[in-house]
Engineer: 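Structure in structure tokens, see below.
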Amino acid sequence: VMSTAAKFLSAFEGSEVAHGQTTVGRTSRIGKAEAKSFVVREPLTEEKVQAHLNGGQGIGSIPINSNNMCKFGAIDVDDYDLNLQDVVARVWSAGLPFIICRSKSGGAHIYLFLKDWEKASVVREYLTEAAALLGFAGREIFPKQDAVLHDKGDVGNFINLPYHNSERSMRYALDAGGNAVSVDEFLDLVGEKRCHLTDLEKALAEQRPDVSELAEYPPCIQSLVALGVQENRNNFMMHVTVSIKKERPDDWEDG
């Protein structure tokens with residue numbers, strides 16, 4: 001039977017040559033946790049994962065490997081006032097195979113776990129589309145590069161992993177109801193949600209609006225129509241009105 005640390009390492013398998021380490025200091029008034037982060041040119045190991053889960057040295061994984069492939073990816077929503085239950089609801093209503101984890105500053109890491117190694121460039125493309133669909137266009141996507149120049153010493157960027165000090169961690173995953181789950185329940189969720197890239201492609205295709213009706217509108221409005229307005233209806237109506245004015249000036253009459 002695989003240990004919790006071995007399963008955790010398998011979920012976040014990435015670079016064979018390096019990983020990240022983060023030591024969190026005090027939290028500032030706006031809720032941003034101060035942290036010292038750096039890349040260590042050694043692979044992640046079960047021992048390092050176990051220390052992380054025990055509350056020792058915090059670690060991060062670099063999703064992209066030396067063949068520019070990845071087995072997991074993430075959308076990093078670094079908003080301190082984020083309603084995590086709302087994010088869970090958006091992901092589930094869109095039918096996307098993601099798991100949401102609370103980040104160290106109270107934002108969300110929206111993870112994709114894959115059954116096979118896939119090209120980092122393609123995974124990034126799909127995650128970028130998914131981020132826009134969820135209302136998080138422009139947020140950081142991991143892996144952060146389509147390709148890394150290993151012969152020049154580049155290894156890519158790491159994302160801090162959840163469940164540091166797992167018994168009392170504030171970096172937990174959330175289930176379908178938006179409730180915090182234990183590290184073992186999280187690993188069960190990874191087993192359930194792990195998918196082929198084609199599964200994500202299908203889920204995204206189902207959420208794309210009917211192109212014929214909305215083709216002339218910008219992607220932000222297409223995704224709002226597809227998903228429904230999650231918040232700030234006034235803002236939504238303003239964008240729609242501006243678009244209609246731009247697209248159909250002849251229809252407008254002085255009233």
Side-chain angles (χ1 to χ4, degrees), residues 7 10-15 61-78 84 86-101 103 107-148 156-159 161-162 173-176 186-230:
K7 285 185 195 166
S10 163
F12 293 105
E13 193 178 356
S15 170
S61 178
I62 300 168
I64 193 168
N65 72 7
S66 54
N67 298 319
N68 299 318
M69 308 283 274
C70 64
K71 253 188 124 171
F72 82 95
I75 303 163
D76 181 6
V77 185
D78 196 11
L84 290 170
D86 173 53
V87 179
V88 171
R90 289 190 205 192
V91 165
W92 279 80
S93 70
L96 297 171
F98 296 153
I99 299 174
I100 291 93
C101 289
S103 70
H109 288 167
I110 304 173
Y111 284 107
L112 166 71
F113 295 99
L114 294 163
K115 289 185 174 173
D116 305 304
W117 290 92
E118 302 283 359
K119 280 178 81 167
S121 56
V122 181
V123 173
R124 281 174 48 75
E125 203 176 294
Y126 286 150
L127 285 176
T128 301
E129 181 179 349
L133 178 69
L134 293 168
F136 299 126
R139 302 308 201 285
E140 267 187 319
I141 302 291
F142 288 84
K144 278 185 80 167
Q145 292 88 1
D146 288 346
V148 287
N157 297 68
F158 68 88
I159 186 164
L161 297 186
L174 296 103
D175 64 14
F186 162 68
L187 291 167
D188 288 342
L189 259 185
V190 171
E192 287 167 33
K193 292 284 183 185
R194 205 190 276 277
C195 65
H196 294 288
L197 198 53
T198 49
D199 299 325
L200 175 58
E201 156 59 11
K202 278 183 202 143
L204 286 169
E206 279 170 26
Q207 290 298 330
R208 286 183 195 125
D210 182 347
V211 175
S212 59
E213 290 178 29
L214 294 170
E216 73 264 36
Y217 292 105
C220 61
I221 287 177
Q222 292 185 23
S223 70
L224 280 167
V225 172
L227 260 190
V229 184
Q230 305 291 338

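Everything quoted here is computed from the prediction, not taken from an experiment.
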Engineer: Check Glu140 with Arg124, please: is the shortest side-chain N to carboxylate O separation under 4.0 Å?
Structural biologist: no
Engineer: Test salt bridge (charged side-chain N to carboxylate O under 4.0 Å, His left out) on Arg208 and Glu201 and set out the steps.
Structural biologist: CA-CA 11 Å; Arg208 286 183 195 125; Glu201 156 59 11; 3.4 Å; yes
Engineer: Would you please test Ile110 and Asp76 for side-chain contact (heavy atoms from CB on, under 4.5 Å) and show each step?
Structural biologist: CA-CA 6 Å; Ile110 304 173; Asp76 181 6; over 6 Å; no
Engineer: Kindly indicate, with the supporting measurements, whether the criterion side-chain contact (heavy atoms from CB on, under 4.5 Å) is fulfilled by Tyr111 and Ile75.
Structural biologist: CA-CA 7 Å; Tyr111 284 107; Ile75 303 163; over 6 Å; no
Engineer: Within the 4.5 Å heavy-atom criterion, are Leu134 and Phe98 side-chain neighbours or not?
Structural biologist: yes
Engineer: Which heavy atom of Leu197 sits nearest to which heavy atom of Leu114, and what is that distance?
Structural biologist: N-CD2, 3.9 Å
Engineer: Could you tell me whether the side chain of His196 reaches within less than 4.5 Å of the side chain of Asp199, counting heavy atoms only?
Structural biologist: yes
Engineer: Please find the pair of heavy atoms, one from Ser103 and one from His109, that lie closest to each other, and give the distance.
Structural biologist: CB-NE2, 3.7 Å
Engineer: If you measure from the Lys or Arg side-chain nitrogens to the Asp or Glu carboxylate oxygens, is any gap between Glu118 and Lys71 under 4.0 Å?
Structural biologist: no
Engineer: Measure the CG-CZ distance between Leu127 and Arg139 for me, rounded to the nearest 0.5 Å.
Structural biologist: 14.5 Å
Engineer: Considering non-hydrogen atoms only, spot the tightest contact between Gly73 and Pro143 and give its length.
Structural biologist: CA-CD, 4.2 Å
Engineer: Could you state the interatomic distance from CG (Asn68) to OG (Ser121), rounded to the nearest 0.5 Å?
Structural biologist: 8.0 Å
Engineer: Of all heavy-atom pairs between Val88 and Asp175, which one has the smallest distance, and what is that distance?
Structural biologist: CG1-O, 3.5 Å
Engineer: Is it the case that atom NZ in Lys119 sees more than 12 heavy atoms from other parts of the structure closer than 6.0 Å?
Structural biologist: no
Engineer: How many angstroms lie between CG in Leu189 and CD1 in Ile99, if you round to the nearest 0.5 Å?
Structural biologist: 5.0 Å
Engineer: Just say parallel, tilted or perpendicular for the rings of Phe113 and Phe72, cut-offs at 30° and 60°.
Structural biologist: parallel
Engineer: When rounded to the nearest 0.5 angstrom, what distance separates CZ in Phe12 from CD1 in Ile159?
Structural biologist: 8.0 Å
Engineer: Output, in order, the C-alpha distance, side-chain angles, deciding distance and verdict of side-chain contact (heavy atoms from CB on, under 4.5 Å) for Ser10 and Leu187.
Structural biologist: CA-CA 10 Å; Ser10 163; Leu187 291 167; over 6 Å; no
Engineer: Can you tell me how far the CD1 atom of Ile141 sits from the CD atom of Glu129, to the nearest 0.5 Å?
Structural biologist: 11.0 Å
Engineer: Measuring from atom CH2 of Trp117 to atom CD1 of Ile64, what distance do you get when rounded to the nearest 0.5 angstrom?
Structural biologist: 10.0 Å
Engineer: Report yes if the distance between the aromatic ring centroids of Phe158 and Phe142 is under 6.0 Å, otherwise no.
Structural biologist: no
Engineer: If you look at every heavy atom in Asn65 and Gly14, which pair is closest and at what distance?
Structural biologist: CB-O, 3.9 Å
Engineer: Any idea which heavy atoms bring Ala203 and Pro97 closest together, and the distance?
Structural biologist: CB-CD, 4.5 Å
